[in-house]
Amino acid sequence: MKKSLVADLALLFVAMVWGSTFVVVQRAVDLLPPLAFNGIRFAMGALFLLFIIRLFYPHQLTQMNGRLWRTGIFLGIWLFAGYFLQTWGLLYTTSSKAGFITGLSVVLVPIFAFLLSKQRIKPQAMVGVLLATGGLYLLTLNGSLAIEKGDFLVFLCAIAFAMHIVLTGRYTMQFPSMPLAFVQITTVSIMNWLIGGLLAIGGVEESALQITFSLSTLTEPYLWFALLITSLFCTALAYFVQTEFQKWTSPTRVALIYATEPVFAALTGVLAAGEILMGNQLWGMVLILTGMILAEIPLERLLKKRLIPSASTQAKLHDMDR
């Protein structure tokens, strides 16, 4: 099996995990403020990864030099910015609009990859990106198209997520995957606690900290179930897989694969929460999947096979001419 196909399947698994646990996260942040939830979630994810590294890959600990730490912190800041701006934007816009605008990272990734790394954008990949964007619109956008403060914040979130994908593609070949993922998610956890602390000092999040450390919150079974699932699968495993397998594929394909996350979220909503999909949402899912499949087709290779005869065919034609 080709490495690129293995990478695509692994990243599709990540999108499925993120999408299928959306309901879990949504219920969990009703019990715990988002910054505190992400702070604990990413801290637990970092501890899981550190345990795995220490147990199975202890030699990789010696590779955690200053350059790896600087790169991991840099990537972690972009990742934190995406989560934080999305959470902030959701205070001022609808979740459906936020879902669509966040999904615009699928358009931004090939643009940033070209600007930063001079990666050529294949025509079929660009068509796939546009189809996926249209699908995201149909799947998630049910309200007004009016631009609000929250929309701008979520658009900045899309930029942050797109930059994280592109920069991960740039650095993933240079460092071992597990330590790099560990430093990233550790950075995200620390940034959540720092920002949460600053907001508490400013009097904005004081009640949030009281909720976080209250006995009723800390003894809530569902909260710990959500933290366990999201820290292990959505954080430690997901960002290790992205860091490990993105070296075998392109940032544009990663963005297209991640565009399937709302598809899995919608399907989970139907199966687990009894939600009903409207016609436009079904068409949106079809467009996203079509865009992803189209981007995977080796169009240039197929055209070459059709337009340029093989060596045996050329030999036969040559014999006929004689």
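Just so you know, these numbers use all the heavy atoms, side chains as well, and skip hydrogens, waters and symmetry mates. We're numbering straight along the sequence, starting at 1.
- The aromatic rings of Phe74 and Trp78 sit perpendicular to each other, their planes meeting at more than 60°, with 30° as the lower class boundary.
- Under a 3.5 Å cut-off, the side chain of Thr260 and the backbone N or O of Val263 do not form any donor-acceptor pair.
- The OG atom of Ser105 lies 8.0 Å from the CZ atom of Phe161; values are rounded to the nearest 0.5 Å.
- Panel note: side chain Thr235, backbone Leu232; no donor-acceptor pair is recorded below 3.5 Å.
- Counted by atom type alone, Gln86 and Thr102 present one or more donor-acceptor pairs between their side chains at under 3.5 Å.
- The six-membered or imidazole ring of Phe240 lies away from that of Phe182, with a centre-to-centre distance of 6.0 Å or more.
- Residues passing the ring-ring contact (aromatic ring centres under 6.0 Å, His included) test with Tyr258, sequence neighbours excluded: Trp18.
- When side chains are defined from C-beta on, Pro179 does not count as touching Leu61, because their heavy atoms never get closer than 4.5 Å.
- At distances below 3.5 Å, not a single donor-acceptor pair connects side-chain atoms of Thr249 with backbone N or O atoms of Gln246.
- Side-chain rings of Tyr222 and Phe225 approach one another, their centers coming within less than 6.0 Å.
- With sequence neighbours left out, Phe245 forms a ring-ring contact (aromatic ring centres under 6.0 Å, His included) with Trp248.
- Taking Tyr57 as the reference, nothing meets the ring-ring contact (aromatic ring centres under 6.0 Å, His included) condition, with sequence neighbours excluded.
- Listed for the Arg170 side chain is a donor-acceptor partner under 3.5 Å among the backbone atoms of Leu116.
- Counting only distance, with no hydrogens or angles, the side chain of Ser189 and the backbone of Gly39 share a donor-acceptor pair below 3.5 Å.
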